[in-house]
Structures are given as structure tokens and as C-alpha cells.
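Step one of this worksheet: look at the structure below.
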Amino acid sequence: SSATNEYQELSDFGLDLLNQLGNWCDQLELIETRTALDEVIVTLGLWAARHLGPLHMIEPIVDALSKVANTSSEPTFLVELSQVYREIADAVTPVIKQDIDKSNPGRPWRILNLNYGIVATRSHQPEIMEQAFAQILIRLPEDAAGFFTEGMEQMDVIGYPDHVRRVMEKYFELTNNPTLH
């Protein structure tokens with residue numbers, strides 16, 4: 001309907017304005033304001049995902065999400081954030097999900113899904129990791145092997161618990177093992 005389109009335009013416009021505000025915060029080094037703004041951007045992104053249909057302008061949301069993720073190492077918070085990642089990614093417009101032009105490694109769709117996998121891992125919850133990892137296989141098939149290789153290296157560097165390591169190993173073997181058992 002035309003009302004839905006108007007709301008989508010408004011949410012894109014709102015995200016664009018918040019993004020511009022964020023750029024000013026960065027230039028003026030208003031760190032606390034920027035942090036608060038990132039939370040607003042994530043909240044607006046989630047609201048738009050739930051109420052307005054497909055998300056078109058995802059770069060500000062992806063940037064804000066990664067900053068919010070870096071502010072906490074608390075597993076309970078990271079569980080909640082994983083669900084936000086999942087909802088945002090699921091709501092992205094099909095044309096972005098098709099991911100036709102893979103030339104830019106910094107494209108928001110790729111960053112969104114890789115960061116979803118990282119946040120899910122940091123949540124230490126196997127079920128949430130499984131959800132995120134399955135999406136990486138589907139959405140970023142050419143990145144999967146590298147992602148899980150790096151994940152295995154992190155298991156040693158950070159010393160993740162065994163139940164977390166087992167999930168990472170499963171996907172590592174799935175994507176990095178040329179021989180079938």
C-alpha cells in the first residue's frame with residue numbers, strides 16, 4: 001500500500017538523518033552522544049524491521065550494531081543482540097540478500113552476517129551459534145570456510161569453553177574438509 005511505502009521512506013529518511021548526526025558526532029568527538037545515537041539507530045532499525053517490511057538502508061544499522069556489540073562482552077546481552085542481528089538480517093530487502101555484486105568485502109550485507117556469527121559465538125550459546133552459522137553457509141557461501149577457520153583460531157586465542165568449541169569445530173569441518181567421511 002502507499003501508506004506502507006511512505007512509512008518506509010520515512011524510516012529510511014530517519015536513518016539517514018541519524019547517520020548524518022552520527023557523522024557530526026564523530027567529527028566533533030562526542031563519544032557518549034555517538035554511543036547513545038547508535039542505540040537509537042539499532043532500535044529504529046529493529047522497529048522498522050518489525051513494522052514496515054523490508055529494510056533498504058542497512059549500512060547505518062550495520063555500523064551501529066557492530067559498535068553496540070563492541071561495548072559488551074556480557075553473554076546475556078550478546079544473546080539478546082544475536083536475536084536483534086537475526087531479525088535485522090531476516091528483514092533485509094531481497095535485492096540486497098541476493099548479494100549479486102561481491103566485489104566489496106565491506107558491503108553491509110556481508111558485514112551484517114559475519115558479525116551475527118561473531119556475536120552469536122561470543123554469546124556462548126550453541127543453539128544461537130547454530131542459527132547464525134547456518135545463515136553464513138546460505139548467505140555467504142564463499143566466506144564460510146574462512147570464517148570458520150578464523151573462528152577455530154579464536155577458540156585457542158580466547159580460550160572458549162568446550163561446548164562453544166564443538167559447534168565451531170562442526171562447521172569448520174563441514175566447510176574445510178575436502179574428503180567426505
Side-chain angles (χ1 to χ4, degrees), residues 15 18-19 22 26 31-32 34-50 54-55 57-93 96-97 99 102 104-176:
L15 282 169
L18 290 170
N19 201 34
D26 294 342
I31 293 146
E32 284 176 25
R34 174 81 231 205
T35 303
L37 199 60
D38 286 328
E39 289 174 14
V40 172
I41 291 171
V42 170
T43 307
L44 177 61
L46 192 58
W47 182 85
R50 286 176 179 171
L55 298 171
M57 183 182 291
I58 64 167
E59 194 158 2
I61 306 171
V62 173
D63 291 347
L65 267 172
S66 58
K67 289 186 196 137
V68 170
N70 291 335
T71 62
S72 178
S73 57
E74 215 277 298
T76 318
F77 174 74
L78 295 166
V79 166
E80 285 177 30
L81 198 60
S82 296
Q83 306 298 2
V84 173
Y85 263 99
R86 182 183 180 181
E87 267 194 77
I88 296 285
D90 287 348
V92 171
T93 186
I96 295 176
K97 283 182 177 173
D99 200 27
K102 296 177 167 50
N104 173 16
R107 66 194 182 280
W109 177 243
R110 178 175 182 267
I111 302 300
L112 179 67
N113 284 288
L114 294 177
N115 285 352
Y116 175 24
I118 292 165
V119 170
T121 304
R122 291 174 57 216
S123 81
H124 292 198
Q125 295 292 322
E127 191 182 326
I128 287 169
M129 291 171 68
E130 292 267 1
Q131 289 170 356
F133 292 178
Q135 289 306 322
I136 288 174
L137 293 181
I138 295 164
R139 292 171 173 165
L140 301 171
E142 58 291 314
D143 282 299
F147 178 85
F148 298 117
T149 301
E150 224 170 281
M152 284 308 295
E153 287 162 12
Q154 287 300 307
M155 291 297 116
D156 295 327
V157 172
I158 296 170
Y160 276 95
D162 283 345
H163 70 278
V164 176
R165 177 185 293 264
R166 277 195 292 276
V167 182
M168 188 64 76
E169 264 170 1
K170 172 179 151 182
Y171 282 84
F172 171 75
E173 284 168 14
L174 202 65
T175 53
N176 285 276

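None of the values given here were measured: they were computed from a predicted structure.
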Checklist entry - Would Ile128 and Phe133 count as a side chain to side chain contact (heavy atoms under 4.5 Å, CB included) if you check the C-alpha gap in whole Å, the side-chain angles of each, and the deciding distance to 0.1 Å? => result CA-CA 9 Å; Ile128 287 169; Phe133 292 178; over 6 Å; no

Checklist outcome for this item: In terms of heavy-atom contacts, Leu37 and Gly22 come closest through CD2-N, 3.3 Å

Item to check | Heavy-atom pair of closest approach, residues Ala49 and Ile88 | outcome: CB-CD1, 4.4 Å

Can you list, pair by pair, the side-chain donor-acceptor contacts under 3.5 Å of residues 59-68, counting residues two or more places apart and other chains?
from, atom 1, to, atom 2, distance (Å)
Ser66, OG, Val62, O, 3.4
Ser66, OG, Asp63, O, 2.9

Item to check | With sequence neighbours excluded, residues passing salt bridge (charged side-chain N to carboxylate O under 4.0 Å, His left out) with Glu87 | outcome: Arg50

Checklist entry - Partners of Tyr116 by ring-ring contact (aromatic ring centres under 6.0 Å, His included), sequence neighbours excluded? => result none

Checklist outcome for this item: Correct closest heavy-atom pair for Ala69 and Val119 would be CB-CG2, 3.7 Å

Next on the checklist: Show me the pairs that pass salt bridge (Lys or Arg N to Asp or Glu O under 4.0 Å) and involve residues 123-135, at least two apart or across chains.
Outcome noted: Glu130-Lys170

Item to check | Exam field: side chain Arg34 to backbone Asp26, donor-acceptor pair closer than 3.5 Å | outcome: no

Checklist entry - What residues, two or more places apart in sequence or in another chain, satisfy side chain to side chain donor-acceptor pair (under 3.5 Å) together with Thr35? => result none

Checklist entry - Between Glu74 and Ser72, do the side chains contain an N or O donor and an N or O acceptor separated by less than 3.5 Å? => result no

Checklist entry - Who passes side chain to side chain donor-acceptor pair (under 3.5 Å) against Arg86, sequence neighbours left out? => result Gln131

Item to check | CA sep, side-chain torsions, deciding dist, call: Thr121, Val167, side chain to side chain contact (heavy atoms under 4.5 Å, CB included) | outcome: CA-CA 9 Å; Thr121 304; Val167 182; over 6 Å; no

Checklist entry - Taking only residues two or more places apart in sequence or in another chain, which ones pass side chain to side chain donor-acceptor pair (under 3.5 Å) with Asp156? => result Arg165

Next on the checklist: Out of the candidates Met152, Arg166, Met155, only one should pair with Tyr160 under the side chain to side chain contact (heavy atoms under 4.5 Å, CB included) rule; please name it.
Outcome noted: Met155

Checklist entry - What pairs with Pro141 under side-chain contact (heavy atoms from CB on, under 4.5 Å), at least two apart in sequence or on another chain? => result none

Checklist entry - CZ of Phe77 to OG of Ser82: how many Å apart, nearest 0.5 Å? => result 10.0 Å

Checklist entry - Ala48 and Leu55: which non-hydrogen atoms are nearest, and at how many Å? => result CB-CD2, 3.7 Å

Checklist entry - What closest approach, in Å, do Glu142 and Asp99 show between heavy atoms, and which atom pair accounts for it? => result OE2-OD2, 4.5 Å

Next on the checklist: Under the criterion side chain to side chain contact (heavy atoms under 4.5 Å, CB included), I'd like the reasoning laid out for Arg139 against Ile136: C-alpha separation, chi angles, the key distance, then a yes or no.
Outcome noted: CA-CA 5 Å; Arg139 292 171 173 165; Ile136 288 174; over 6 Å; no

Item to check | Qualifying residues under side chain to side chain donor-acceptor pair (under 3.5 Å), relative to Thr149, sequence neighbours excluded | outcome: Asn176

Checklist entry - Which atom pair, heavy atoms only, marks the closest approach of Ser73 to Leu78? => result C-CD1, 3.7 Å

Next on the checklist: I want to check something: taking the side chain as every heavy atom from C-beta on, are Leu137 and Tyr171 in contact at a cut-off of under 4.5 Å?
Outcome noted: yes

Checklist entry - Does a sphere of radius 6.0 Å around CD in Glu32 hold more than 12 heavy atoms from other residues, nucleotides or ligands, not counting ones at 6.0 Å or beyond? => result no

Checklist entry - Arg122 versus Pro75: any side-chain heavy-atom pair under 4.5 Å? => result no

Item to check | Test side-chain contact (heavy atoms from CB on, under 4.5 Å) applied to Leu114 - qualifying residues, sequence neighbours left out | outcome: Arg110, Leu140, Asp143, Phe147

Item to check | Residue pair Ile118, Asn115: steps toward the side chain to side chain contact (heavy atoms under 4.5 Å, CB included) verdict | outcome: CA-CA 5 Å; Ile118 292 165; Asn115 285 352; 3.9 Å; yes

Checklist entry - Between His163 and His124, is there a donor-acceptor pair closer than 3.5 Å when you use the side chain of the first and the backbone of the second? => result yes

Checklist entry - Listed by chain and number, what are the side-chain contact (heavy atoms from CB on, under 4.5 Å) partners of Glu150, not counting sequence neighbours? => result Glu153

Checklist outcome for this item: With sequence neighbours left out, the residues meeting side-chain contact (heavy atoms from CB on, under 4.5 Å) with Val92 are Ile58, Ile96, Lys97, Trp109, Leu112

